[in-house]
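Accompanying notes for the structure given below.
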Amino acid sequence: MFLLDYPLRILPGLTVLAAAFLALGRCAPLLRIVVALLGFVLLRDAMTPLGLWSLGTTTNGAVWLRFAPDPIVLIGLGASGVLLSLAVAFGPRDLRGLVVWGGLGPRALLHALGAAAVVLVPLVVLLRTVPLDQRGGAVAVTLLPALAVLAFGGNLLEEVLFRGLLQGYLAGPLGYDPVRTVLLSGLLFASGHVFLASTVTDLGWPILAFTLAEGLACAWVRLRHGVLAATVTHGVVILVLASGI
């Protein structure tokens, strides 16, 4: 069902966005980045009505999330994220240089995991005060490898777009200083979730607070070490939340 319903759901919107992207041409890099981000928002938010993931908040305002318990679907989404990431990063020549991949040495991994912990620790503490069945329920251990593929593959695309193209444009052509760049990257990342928080779901402020914290953490890691390390931060946060820990 997923193999048919999901592509049909997103096809009209992606067609219009692709046409707009091509029509803009190379003279409007920022507008093309915005169109690409809108495409990602479409890909992500269309998952909700199809039941490919679910989100909620506990009584104390902590965010929880779960993905469809189908390993084939999860791996397919993660692999698609990787392929789309490569298409974006190695696509239009004038945008390629904005994606700073960086490396994954010990220092980068330490900072990436530390940033993930800053986001996760208070959230997990809040979640643990609520029974598991009130925050998404248990997740089968056998599903964790597929969840990892989705968490890191799918969020690689999000990082290439937000921390690669967008943050790269803020720091490069727009010339913002590092502090302002990180702040704007986090705020714009949270802004990319306003419809998810307010119309796709009715979860409101908890989603925006969570995505702002996550966006700032990933933006800081990207500033220090590049997109790959930021993907580790993002992927670990999503994997931990989705695993029901």
Side-chain angles (χ1 to χ4, degrees), residues 33 36-37 39-41 43-44 47 52-53 63 65 67 74-91 95-121 123-124 144-172 178 181-193 196 210-243 245:
I33 291 171
L37 292 173
F40 174 79
V41 170
L43 292 174
R44 182 198 64 213
M47 293 171 58
L52 295 175
W53 74 338
V63 175
L65 65 88
F67 290 97
L74 299 179
I75 291 172
L77 289 171
S80 298
V82 173
L83 293 175
L84 288 171
S85 300
L86 295 175
V88 171
F90 298 102
L95 298 181
R96 291 179 191 174
L98 298 175
V99 181
V100 179
W101 291 103
L104 288 176
R107 187 178 180 85
L109 286 174
L110 179 64
H111 286 165
L113 294 174
V118 168
V119 177
L120 282 170
V121 169
L123 188 54
V124 171
L144 294 181
L147 277 174
V149 173
L150 173 58
F152 292 102
N155 288 300
L156 173 63
L157 175 59
E158 198 163 7
E159 290 304 304
V160 165
L161 290 169
F162 278 95
R163 251 62 65 178
L165 297 185
L166 183 58
Q167 188 166 332
Y169 196 85
L170 293 172
T181 295
V182 168
L183 178 60
L184 280 171
S185 181
L187 286 169
L188 291 170
F189 181 71
S191 298
H193 293 77
L196 180 65
F210 166 67
T211 53
L212 176 60
E214 186 182 39
L216 290 171
C218 291
W220 178 80
V221 174
R222 153 63 178 85
L223 178 70
R224 298 291 299 271
H225 301 290
V227 168
L228 290 178
T231 302
V232 172
T233 299
H234 199 158
V236 167
V237 169
I238 297 303
L239 179 59
V240 169
L241 288 184
S243 65
I245 292 177

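Residue numbers run from 1 in the order of the sequence given. Here the structure is a predicted model, which is why all the values come from computation and not from measurement.
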Distance-minimising heavy-atom pair for A213 and V119: O-CG2, 3.8 Å

Atom pair CG/CD1 of L98 and I33 - distance to nearest 0.5 Å: 5.5 Å

Close side-chain approach of I238 to E214, heavy-atom, < 4.5 Å: yes

Test item: V237 and F210 side chains (from C-beta on) under 4.5 Å apart, heavy atoms: yes

Least distance between heavy atoms, M47 atom then L43 atom: CG-O, 3.5 Å

If you look only at distance, which donor and acceptor atoms sit under 3.5 Å apart when one is on a side chain in residues 215-231 and the other is two or more places apart or in another chain?
from: R222; atom 1: NE; to: R163; atom 2: O; distance (Å): 2.8
from: H225; atom 1: NE2; to: H111; atom 2: ND1; distance (Å): 2.6
from: T231; atom 1: OG1; to: V227; atom 2: O; distance (Å): 2.9

Nearest non-hydrogen partners of L95 and L165, listed with the distance: O-CD2, 3.6 Å

Residues that F189 engages under ring-ring contact (aromatic ring centres under 6.0 Å, His included), provided they are two or more places apart: F162, H193, H234

Residue pair V63 / L123: nearest heavy atoms and the distance that separates them: N-CD1, 3.6 Å

Spacing of CG belonging to L147 relative to CG belonging to L241, to within rounding of 0.5 Å: 11.5 Å

Test item: L37 and L188 side chains (from C-beta on) under 4.5 Å apart, heavy atoms: no

Exercise: identify the closest heavy-atom pair between V240 and V124: CG1-CG2, 4.3 Å

Beyond-backbone contact of R107 with L110, side-chain heavy atoms, under 4.5 angstrom: no

Pairing residues for I75 by the side chain to side chain contact (heavy atoms under 4.5 Å, CB included) criterion, not counting sequence neighbours: A146, V149

Nearest-0.5 Å distance that lies between atom OG in S185 and atom OH in Y169: 15.5 Å

Close side-chain approach of F152 and L239, heavy atoms under 4.5 Å: yes

Distance, nearest 0.5 Å, that separates CG of L156 from CG of L84: 10.0 Å

Test item: T233 side-chain N/O and A116 main-chain N/O as donor-acceptor pair under 3.5 Å: no

Approximate separation, where rounding is to 0.5 Å, of L161 CG and L166 CG: 9.0 Å

